Amino acid sequence: MDFKGKNVIVTGATRGIGRAIAEAFAKQGANLAVCGTHEDAVKQTVAQLAQTYGVKVIGRAVNIAQADDCEALVAETVKELGSVDVLVNNAGITKDNLLVLMSEDDWNAVINVNLTGTFNMSKAALKVMFKKRAGNIVNISSVVGEMGNAGQVNYVASKAGIIGMTKTLAKEFGSRHIRVNAVAPGFVRTAMTDALAPEVKEKALENVALKRFAEAEDIAKAVLFLASEDASYITGHILSVNGGLYM
Ligand SMILES: NC(=O)c1ccc[n+]([C@@H]2O[C@H](COP(=O)([O-])OP(=O)(O)OC[C@H]3O[C@@H](n4cnc5c(N)ncnc54)[C@H](O)[C@@H]3O)[C@@H](O)[C@H]2O)c1
């Protein structure tokens, strides 16, 4: 897989899965535009990626829930890197609770970042891709968006919404040679899952056929595949990377 000279935006790339995705693209020669919520973390990520991989890297602290922030990130990418070839909508948050205990604020916060954020970034990037008649989007959904999960109604609704958005955008933009796919990870070893109680982790592994959590790199490999020419006839697909947790 060669991404030499391709310009790739990865949202939420300062840590966890997004960071691994950004590193995997950089390793294959891609230039990168990264974002996250914290200015310092973004600066550090930009410096480290540029130094380690010798590619062009720009970054911006943004809130993807704000359309203006997303337009600004895409505009800066076009100005500094030349264009946008690939967008990876990875940034996401959780605010878990049972429905009866979930506040409207927590419902809105998760929907605004995960679902509206994916819409905002896709809209901004697709304007550029549409003109070029080329481009590629990979969204990060979740296994719980496919199977449901008690205590995560906001998160699951956002991740299931991303699946619907992926299929719809694949249909809207296919004739422009723009492919849109999603990866649906199972449990991945990151800060998000490190925060889970030990008994919750143990219980989760019981149902994972491969009997281990994914590493962020396992997810990155699937993202690169979908963004690459190896997946040239794949669009509107949801690629499950869950170790056999849900089939
Ligand atoms: N960790 C898992 O087990 C798991 C499983 C399935 C899906 N996912 C999904 O993978 C993605 C990454 O998860 P992670 O565990 O690496 O998360 P993480 O919390 O480690 O990192 C999240 C990243 O997103 C950024 N971010 C958060 N809110 C943002 C906003 N409003 N605007 C811009 N950037 C924002 C953060 O700055 C950070 O860089 C998420 O979409 C998550 O839902 C994770």
Side-chain angles (χ1 to χ4, degrees), residues 9-24 32-46 48-49 59-74 87-96 106 108-122 124 138-149 152 154-163 165-166 182-196 200-201 204-205 208 212-220 222-223 238-243 245-246:
I9 300 178
V10 183
T11 66
T14 58
R15 63 182 206 185
I17 296 170
R19 179 60 177 261
I21 293 168
E23 300 231 5
L32 284 163
V34 297
C35 75
T37 40
H38 293 93
E39 183 98 50
D40 288 351
V42 171
K43 275 190 187 148
Q44 259 180 21
T45 305
V46 169
Q48 259 169 25
L49 289 173
R60 208 178 166 95
V62 301
N63 177 5
I64 56 164
Q66 304 288 338
D68 289 357
D69 277 15
C70 298
E71 292 284 350
L73 176 63
V74 169
L87 166 65
V88 182
N89 282 310
N90 163 79
I93 60 168
T94 52
K95 286 186 187 287
D96 299 348
D106 283 356
N108 285 332
V110 170
I111 295 294
N112 288 346
V113 173
N114 297 6
L115 190 57
T116 309
T118 299
F119 165 79
N120 288 338
M121 280 303 303
S122 300
V138 182
N139 295 321
I140 304 299
S141 177
S142 168
V143 66
V144 299
E146 299 174 295
M147 63 191 263
N149 199 26
Q152 290 196 301
N154 48 2
Y155 183 77
V156 170
S158 73
K159 293 299 180 179
I162 285 174
I163 290 174
M165 201 188 302
T166 300
V183 170
F187 291 102
V188 186
R189 227 167 46 84
T190 65
M192 203 184 252
T193 43
D194 283 347
L196 295 173
V200 177
K201 284 189 206 172
L205 273 186
V208 177
R212 68 168 177 91
F213 284 170
E215 297 297 328
E217 291 71 22
D218 292 316
I219 310 306
V223 171
I238 314 305
L239 183 52
S240 298
V241 186
N242 62 32
L245 170 61
Y246 179 74

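Counting starts at 1 for both ligands and their atoms, in listed order. Note that the structure is a prediction, hence the values are computed from the model and not measured.
Checked by distance only, ligand 1 and Asn63 come closer than 3.5 Å through their nitrogen or oxygen atoms. Every N/O-N/O distance between Ala65 and ligand 1 stays at or above 3.5 Å.
Counting the atoms of ligand 1 from 1 in the order shown, those under 4.0 Å from a heavy atom of Thr14 are 37 (O), 38 (C), 39 (O). Close approach of ligand 1 to Gly36 is summarised as follows: ligand atoms under 4.0 Å from at least one heavy atom of the residue are 34 (N), 37 (O). Counting the atoms of ligand 1 from 1 in the order shown, those under 4.0 Å from a heavy atom of Phe187 are 3 (O). Residue contact check: Val113 has heavy atoms under 4.0 Å from atoms 28 (N), 31 (N) of ligand 1. Which parts of ligand 1 touch Ala91 is read off a 4.0 Å heavy-atom cut-off, strictly below it: atoms 24 (O), 26 (N), 34 (N), 35 (C), 41 (O). Within ligand 1, counting atoms from 1 as listed, the ones closer than 4.0 Å to a heavy atom of Val188 are 1 (N), 2 (C), 3 (O). Of all atoms in ligand 1, listed by their number and element, those nearer than 4.0 Å to a heavy atom of Ile140 are 9 (C), 10 (O). Near Ser142, meaning under 4.0 Å from one of its heavy atoms, ligand 1 places the atoms 6 (C), 7 (C).
Residue contacts with ligand 1 include Asn90, since one of its heavy atoms falls under 4.0 Å from the ligand. By the 4.0 Å heavy-atom criterion, Ser141 is counted among the residues contacting ligand 1. Residue-ligand proximity: Ala216 is placed with every non-hydrogen atom at 4.0 Å or more from ligand 1.
With Ile17, Thr11, Val143 as candidates, the residue nearest to atom 13 (O) of ligand 1 on a non-hydrogen basis is Ile17. The option with the heavy atom closest to atom 22 (C) of ligand 1, from among Ala61, Gly18, Gly92, Cys70, is Gly92.
The residue Phe213 has no part lying near ligand 1, judged by heavy-atom distances below 4.0 Å. Contact annotation for Ala184 and ligand 1: no heavy atom of the residue comes within less than 4.0 Å of the ligand. Counting heavy atoms closer than 4.0 Å to ligand 1, residue Ile93 contributes side-chain atoms (C-beta onward) but none from N, CA, C or O. Only the side chain of Lys159 comes within 4.0 Å of ligand 1, counting heavy atoms alone; its backbone N, CA, C and O stay farther away. Only side-chain heavy atoms of Thr190 come within less than 4.0 Å of ligand 1; its backbone N, CA, C and O stay farther off. Within the 4.0 Å heavy-atom criterion, both parts of Ile64, backbone and side chain, lie near ligand 1.
Distance NZ/Lys159 to CG/Asn149: 13.5 Å, rounded to 0.5 Å.
Other residues, nucleotides and ligands place no more than 12 heavy atoms under 6.0 Å from the CG atom of Asp68. The number of heavy-atom neighbours closer than 6.0 Å to NZ of Lys43, taken from other residues, nucleotides and ligands shown, is 12 or below.
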Practice prompt. Apply the test side chain to side chain contact (heavy atoms under 4.5 Å, CB included) to residues Lys201 and Phe187: give CA-CA distance (whole Å), side-chain angles for both, the deciding distance (0.1 Å), then the verdict.
Written response: CA-CA 9 Å; Lys201 284 189 206 172; Phe187 291 102; over 6 Å; no
Discussion item. Could you go through Gln44 and Thr14, starting from their C-alpha distance and side-chain angles, then the distance that decides it, and tell me whether this counts as side chain to side chain contact (heavy atoms under 4.5 Å, CB included)?
Written reply: CA-CA 8 Å; Gln44 259 180 21; Thr14 58; over 6 Å; no
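Checked by atom type, the side-chain pair Asn139/Thr118 shows no donor-acceptor distance below 3.5 Å.
The shortest side-chain heavy-atom distance between Asn90 and Val223 does not fall under the 4.5 Å cut-off.
Considering every non-hydrogen atom in both Gly186 and Val143, the closest pair reads CA-CG1, 3.6 Å. Taking every heavy atom of both residues into account, Leu49 and Ala22 meet most closely at CD1-CB, 4.0 Å. The heavy-atom pair separating Gly16 from Thr190 by the smallest distance is CA-CG2, 4.1 Å. Nearest approach of Ala13 to Val10, heavy atoms of both residues: CB-O, 3.6 Å. Here the shortest heavy-atom pairing between Ile93 and Val110 reads O-CG1, 3.9 Å. Contact record, Ala184 with Ile238: CB-CG2, 4.0 Å, taken as the closest heavy-atom pair.
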